[in-house]
**Student:** 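This is the structure, below, for whatever I ask next.
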Amino acid sequence: NSHALIQFPQLETLTDLVGQDFELVEATLYLRGISGRVDGQNQGNWIGVKTLVAEAPLFEEDAVTWTRANSADESWAIGGVTSQDQDGNANGYSDMFQLPATGSFAFDGYIPLQLSLTEVSAWTDRETGKDSNKGLVLLMANPAIQYELDIFSSNYGKDPSLRPLLYLK
């Protein structure tokens, strides 16, 4: 299974750069994914993205687990952040991307995922953005299907172009 938590902090300061009349018309998350399996073991699967609800605890990158959000030991709601059902931590899926079955080739490419404009717009609001931007969770749609996928994280220093990218228009 592939699960990941991602956050783009300080989006509420975006209006300081572009002005108060900023209108969000597109929000896309781009991930670089690589699956080196060419032995036919990767069956096709879907990867999906959900935004975390404003009421979810703020996770800390160096302390988060799938049951605890931070060093203050705040728990995720029942079901954690990996639940396939909408739960107390995440909104429903914003988008999904179909990953190919890898029989004779390795998948190496960018995964585009559209995000909810309503939810991301709340993140860019100067007054409420800091409290509503709790991040994103990536989930495989069918956890029963094994799919080996590497996604580069934000701390990948060798090539910054491989890091997750949030494109706002």
**Student:** Does W123 share a hydrophobic cluster with L58, counting links as ILVMFWY side-chain heavy atoms below 4.5 Å and allowing steps through other members?
**Tutor:** no
**Student:** Just by distance, no angles: are the side chains of D125 and T128 close enough, under 3.5 Å, to form a donor-acceptor pair?
**Tutor:** yes
**Student:** Once rounded to the nearest 0.5 Å, what's the spacing between atom NZ of K134 and atom CZ of F59?
**Tutor:** 11.0 Å
**Student:** Determine whether I6 and L165 fall in the same hydrophobic cluster, where Ile, Leu, Val, Met, Phe, Trp and Tyr are linked whenever their side-chain heavy atoms lie under 4.5 Å apart.
**Tutor:** no
**Student:** Where do D95 and F97 land on the side chain to side chain contact (heavy atoms under 4.5 Å, CB included) test, with the steps shown first?
**Tutor:** CA-CA 7 Å; D95 197 11; F97 180 84; over 6 Å; no
**Student:** Please determine which of T118, N91, N133 meets the side chain to side chain donor-acceptor pair (under 3.5 Å) test together with T51.
**Tutor:** N91
**Student:** Walk me through whether T28 and E26 qualify under side-chain hydrogen bond (donor to acceptor under 3.5 Å, both in side chains).
**Tutor:** CA-CA 7 Å; T28 306; E26 182 181 341; 3.1 Å; yes
**Student:** Are V25 and Y167 connected into the same hydrophobic cluster when the rule is that any two of I, L, V, M, F, W, Y join if their side-chain heavy atoms are below 4.5 Å apart?
**Tutor:** no
**Student:** Apply side chain to side chain contact (heavy atoms under 4.5 Å, CB included) to residues Y93 and L139 and explain how you reach the verdict.
**Tutor:** CA-CA 9 Å; Y93 283 107; L139 302 165; 3.8 Å; yes
**Student:** In this structure, would Y30 and V49 fall into the same cluster of hydrophobic residues linked by side-chain contacts under 4.5 Å?
**Tutor:** no
**Student:** Which heavy atom of S132 sits nearest to which heavy atom of A54, and what is that distance?
**Tutor:** CA-CB, 3.7 Å
**Student:** Look only at the side chain of S116 and the backbone of E119, and say whether a donor-acceptor pair between them is shorter than 3.5 Å.
**Tutor:** yes
**Student:** Out of curiosity, does L52 fall in the hydrophobic cluster containing M96 (side-chain heavy atoms, cut-off under 4.5 Å, transitive links)?
**Tutor:** yes
**Student:** Less than 4.0 angstrom from a charged side-chain N to a carboxylate O is my criterion; do R32 and D150 meet it?
**Tutor:** no
